[in-house]
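Here's the structure, in structure tokens; my notes come after.
Remember, it's 1-based here, ligands and their atoms both numbered in the order they're listed.
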Amino acid sequence: MDRLEAQKRITKLRNEIARLRTEYHIKNTPNVTDDVYDSLTRELKSLLEKYPEFKDPNSPENRVAGKPLDKFVKVKHKNRMLSLNDVFNEEELYDWEKRIKKLLPVNTKINYFCEAKFDGLAVSLIYENGEFVRGATRGDGFVGEDITENLKTIHSIPLTLNKINGEIPKYLEVRGEAVLSKKTLHKLNIQNEKEGKPLFANTRNAAAGSLRQLDPKLAADRKLDFFAYDLYLTTPAQVFSFAPRAATALSLNKKPVLASHSTKHQFLRELGFEVDTHDAVCKNLSEVMDFIKKFEKKRANFSYGTDGIVVSVDNLELQEVLGVVGKAPRYMAAFKYPAERATTVVKDIKVNVGRTGVLTPLAIFEPTLVAGSTVSKATLHNMDQIERLGLKIGDTVVIEKAGDVIPKVVEVLVKMRTGKEKNFKMPSVCPVCGGKIEKRQAGNLRIFEPRGSQPVIREGHRGQKYEEVTFSVAFYCANPKCPAKNERYLEHFVSVFDIYEMGPKILRRFKDEGLITDAADIFTLEKADIASMERFGEKSAENIIEEIKNKKRIPLSKFLWALGILHVGEETARDLAINFGTLDKLMNASIEETNEIENIGPAVSESVYNFFRERNNLNFIKKLEKNGVIIEKAEKQKAGKFKGLTFVLTGTLSKMSREIAKERILKEGGKVSGSVSKNTSYVVAGVEAGRSDSESLQTRMSSKLKSAEKLGVKILDEQKFLSMLN
Ligand code: IVH
């Protein structure tokens, strides 16, 4: 074969491989065998070895696994990767609808899009000019890990996108779920069992484990799949002119956008992605419930693990209006299928000592299989929980577990008692250090979902406004030097600092050998200290030291989270960092100042204030800084465009509710007031409420306009207001 013939053959082979890929992964035609596909790929590879000038990084032959990596590189997501709020039954689904309807103009017609919720790993894929350039994990939603090489081994991820109407998007981000089939999981677990390795509890853990392998060959062996479910067409910097055929493209500010979530799915298919076909556009929630019930029947026989149905407001303009609260969009809800239940016997109740010193009772079971994995223990949270359940050691209990949820004890089968059951008592001294036990009250948070709905009590749930109402008693080890507390704290600290090389076992050894007494000592470790320890080679010592050195620089939000301040988790730490900008400012803030921050309640403000007034904590921070930790200032939220402006809203807006309008003004740094004064910057006048029974509203409304005129305050109609916002 001469060079020209080879080139032609290469093109033919590439096209045929691409066609087979589409047949198999996208159209789901099973008559394409792996053997044919593999043999064509082999021929292509050998031709390219002879004629390397025809190599192309994104051609099908390059799905072969590349070289193993030393570590994953962090990548910042252009668009934050969010999570979903769960609903567990029909009533909660209707409550969700009630809440969103309140935020939309009256009588807005909502279509819902339903699709399967896969139990896998969320992944973001970036395409530039139609070529796959980068893929990343979700990470903390802002920053993920670059797993491009592993993703390239997944055949249902196109390396090159199909053109649509001869055009290719300049930039495209695709979101979807990397999944492992139930069959593959089963095979993998049989293999692991033979080799004496631990088994994967579910398809999600197996998929995540496979993609976190540094060697792409291992990922390739796992035969993963990818289902696309969302896309972002442009970044703010890259607007492109593109009219997808599948989309009823709608022109907004000259930027073409897709009009609905369902057309996004269609568009993804046309680009060459595998998109699950269990979906439906529903006209109302009763149709949504029908879909949910129908899929529930098919679920057991579905090839992939699913844990629910994602229900979205289909119209993208409405999605935009509803926006995001906390970590999750308001326009989507994850309907979770009921947890699976099983019965077992509580052999013992042990007590764990946590990072804050809190004692947590833990039920130890006769191991039993629930929702696909073996369960042998479950937290009982606190004494109240044990009392509420009426649980004794030796009891037969009902436990439940949803696919991705930690198992819990839901009921005691009192009739199964033999009389030999024993009452559980909290130990009077710390089970680890023998220290004194203190009783303290712990708050439960009462959350107000956006306006009007019934408050629900959920512990520690973030992202919504809340108020503290109920208290329960918790037991704490009062010894500040308790080794268990310190160990848990060290584990927390290294995990927030992303020092992956230092797992719990290594940390314990360092402590036992006296190499570290607290977390700050980690930063003064030297290679020689570690290498001299038994079973530590030069290389691993070097890796640990290298990693620690690289992790000395940390953003303020993560630093605050790492400090382990009571009630300050990841999200709260971020809110604090953004609002104060520097550690100094936060340390000097009064309780009232902290309390003023959106999403932060009195329990947090008080705990933060007290933390920075304790000498030990201040010394610890000083020591960290002395040992080289550099705390990066948080970028203060950009001063919004409405900074210093006060708005008064009147009448009804047609594009959004007053609630949402208010939220958008606040987000842009503006204020909203109920009455017009000389301090008002603008009155936004919607159309008249037009309800005959709202006489007083009408008079008030016109009085607002009258005052505005009298005081010379500018009046904006809805259109002008919207253009100021956008
Ligand atoms: S929509 C707003 N659609 O569920 C972020 N998510 O609980 C949700 N997931 O992180 C994106 N199947 O990993 C969406 N069909 C689907 C999904 C899906 C699985 C996962 C995804 C996300 C998590 C949220």
Looking at N162 and I168, what are the two nearest heavy atoms and their distance? O-CD1, 3.7 Å

Would you call V174 and F273 a side-chain contact if the rule is heavy atoms closer than 4.5 Å? yes

For ligand 1, list the protein residues that place a heavy atom within a distance below 4.0 Å of one of its atoms, sorted by chain and number. L82, S83, L84, E115, A116, K117, F118, A122, E177, Y229, V310, P329, M332

Set of salt bridge (Lys or Arg N to Asp or Glu O under 4.0 Å) partners for R341, sequence neighbours left out: E400

Tell me whether D225 contacts the main-chain N or O of V179 through its side chain, where contact means a donor paired with an acceptor under 3.5 Å. no

I want to check something: taking the side chain as every heavy atom from C-beta on, are Y112 and D314 in contact at a cut-off of under 4.5 Å? no

Minimal heavy-atom distance between G209 and R222, with the atoms involved, is C-NH1, 4.3 Å

